[in-house]
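First listed ligand is number 1; within each ligand, the first listed atom is number 1. This structure is a prediction, so every number in the text was calculated from the model and none was measured.
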Amino acid sequence: AIERTFSILKPDATERNLTGAINAVIEEAGLRIVAQRRIRMTDAQAKTFYEVHAERPFYGELVSFMTSGPVVVQVLEGENAVAKYREVMGATNPAQAAEGTIRKRFAKSVGENSVHGSDSPENAKIEIAQFFTDSDIVG
Ligand code: CMP
């Protein structure tokens, strides 16, 4: 089914001017960028977004990294978009990511791993709603 997922191009990607290169991988995979905005995430936004990881030892580091520079928030649309984007991103840890994936090609480390993608259609809806309204999304 045609689905939407939420994506973030993280500060390590914007810092190295990789947003176009990553968007090219996304589009070559058949995903359509139906909403996109470059923002500086606030501390409150990052804390809320990563609330599920609040008890993890890396939470503080994660929030400070995500607010350390510009990010690009996106809505991607396509057939099985959630699973498809996770495949295109590759494993969270770039050392374990498959050849040709975004994280294998561009990520620096498990923390500075260039992209985020929703892990389920339910979470995609929640995450999209944190950054976009319906009228921002043009399919
Ligand atoms: P993301 O998909 O954005 O969701 C949670 C993030 O936590 C994950 O990507 C990683 O970038 C980050 N993360 C996971 N494990 C670690 C770790 N050990 N140290 C720092 N960040 C981590």
Side-chain angles (χ1 to χ4, degrees):
I2 296 289
E3 213 170 61
R4 286 175 177 171
T5 192
F6 179 70
S7 162
I8 307 176
L9 311 186
K10 297 188 181 185
D12 68 283
T14 60
E15 209 269 328
R16 290 175 290 155
N17 217 18
L18 290 172
T19 63
I22 294 173
N23 279 349
V25 178
I26 289 170
E27 291 184 334
E28 277 156 21
L31 292 164
R32 199 168 280 278
I33 302 165
V34 293
Q36 174 168 253
R37 190 162 64 243
R38 184 174 170 107
I39 62 168
R40 184 70 181 248
M41 227 186 246
T42 65
D43 192 63
Q45 276 177 315
K47 282 181 171 152
T48 302
F49 186 78
Y50 282 118
E51 203 155 30
V52 293
H53 298 304
E55 303 309 318
R56 304 277 196 103
F58 57 80
Y59 180 66
E61 190 187 319
L62 177 59
V63 168
S64 77
F65 170 59
M66 291 303 290
T67 57
S68 69
V71 300
V72 177
V73 290
Q74 305 176 312
V75 180
L76 309 181
E77 188 178 85
E79 192 67 31
N80 295 318
V82 171
K84 165 76 74 69
Y85 190 44
R86 291 185 73 80
E87 194 181 305
V88 170
M89 287 194 298
T92 304
N93 185 344
Q96 281 146 25
E99 221 46 64
T101 60
I102 292 171
R103 284 165 171 163
K104 178 70 177 187
R105 292 173 65 178
F106 303 118
K108 298 166 76 173
S109 67
V110 68
E112 302 193 26
N113 64 354
S114 305
V115 283
H116 165 85
S118 308
D119 63 6
S120 68
E122 298 68 38
N123 282 336
K125 283 201 179 66
I126 293 166
E127 292 176 0
I128 289 168
Q130 288 179 43
F131 294 94
F132 295 102
T133 62
D134 282 350
S135 64
D136 294 328
I137 303 169
V138 184

Could you list the atoms of ligand 1 found under 4.0 angstrom from a heavy atom of Leu62?
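Those qualifying, in numeric order: 6 (C), 7 (O), 12 (C).
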
Per-atom contacts of ligand 1 with Asn113, taking only distances under 4.0 Å to non-hydrogen atoms
9 (O), 10 (C), 11 (O)

Can you tell me how far the [atom1] atom of [X] sits from the [atom2] atom of [Y], to the nearest 0.5 Å?
X      : Y      : atom1 : atom2 : answer
Ser109 : Arg103 : OG    : CZ    : 11.0 Å
Thr14  : Ile8   : OG1   : CD1   : 11.5 Å
Arg105 : Ser114 : CZ    : OG    : 11.0 Å

[X] side chain to [Y] backbone, donor-acceptor under 3.5 Å:
X     : Y      : result
Glu3  : Glu79  : no
Arg86 : Gly117 : yes
Arg37 : Phe131 : yes

Nearest-contact summary for [atom] - protein heavy atom, Å:
atom                    : value
atom 4 (O) of ligand 1  : Tyr50 CE2, 3.5 Å
atom 2 (O) of ligand 1  : His116 ND1, 3.1 Å
atom 13 (N) of ligand 1 : Phe58 CE1, 3.6 Å
atom 21 (N) of ligand 1 : Gly111 CA, 3.5 Å
atom 10 (C) of ligand 1 : Val110 O, 3.3 Å

Tell me whether ligand 1 is touched by Lys10 - counting only heavy atoms on the residue side and a distance under 4.0 Å.
yes

Answer with yes or no whether Phe65 contacts ligand 1, where contact means a heavy atom under 4.0 Å from a ligand atom.
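Flag not set, Phe65 not near ligand 1.
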
Is Glu61 in polar range of ligand 1, meaning some N or O pair under 3.5 Å apart?
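Glu61 vs ligand 1: no N/O contact under 3.5 Å.
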
Could you tell me whether Arg103 approaches ligand 1 through its side chain, its backbone, both or neither, with non-hydrogen atoms closer than 4.0 Å?
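It is the side chain that touches ligand 1; the backbone stays farther off.
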
Using a 4.0 Å heavy-atom cut-off, which part of His53 comes near ligand 1: side chain, backbone, both, or neither?
side chain

Is any side-chain heavy atom of Asn113 closer than 4.5 Å to one of Asn93?
no

From the list Lys125, Gln130, Glu127, side-chain contact (heavy atoms from CB on, under 4.5 Å) partner of Phe6 resolves to Glu127

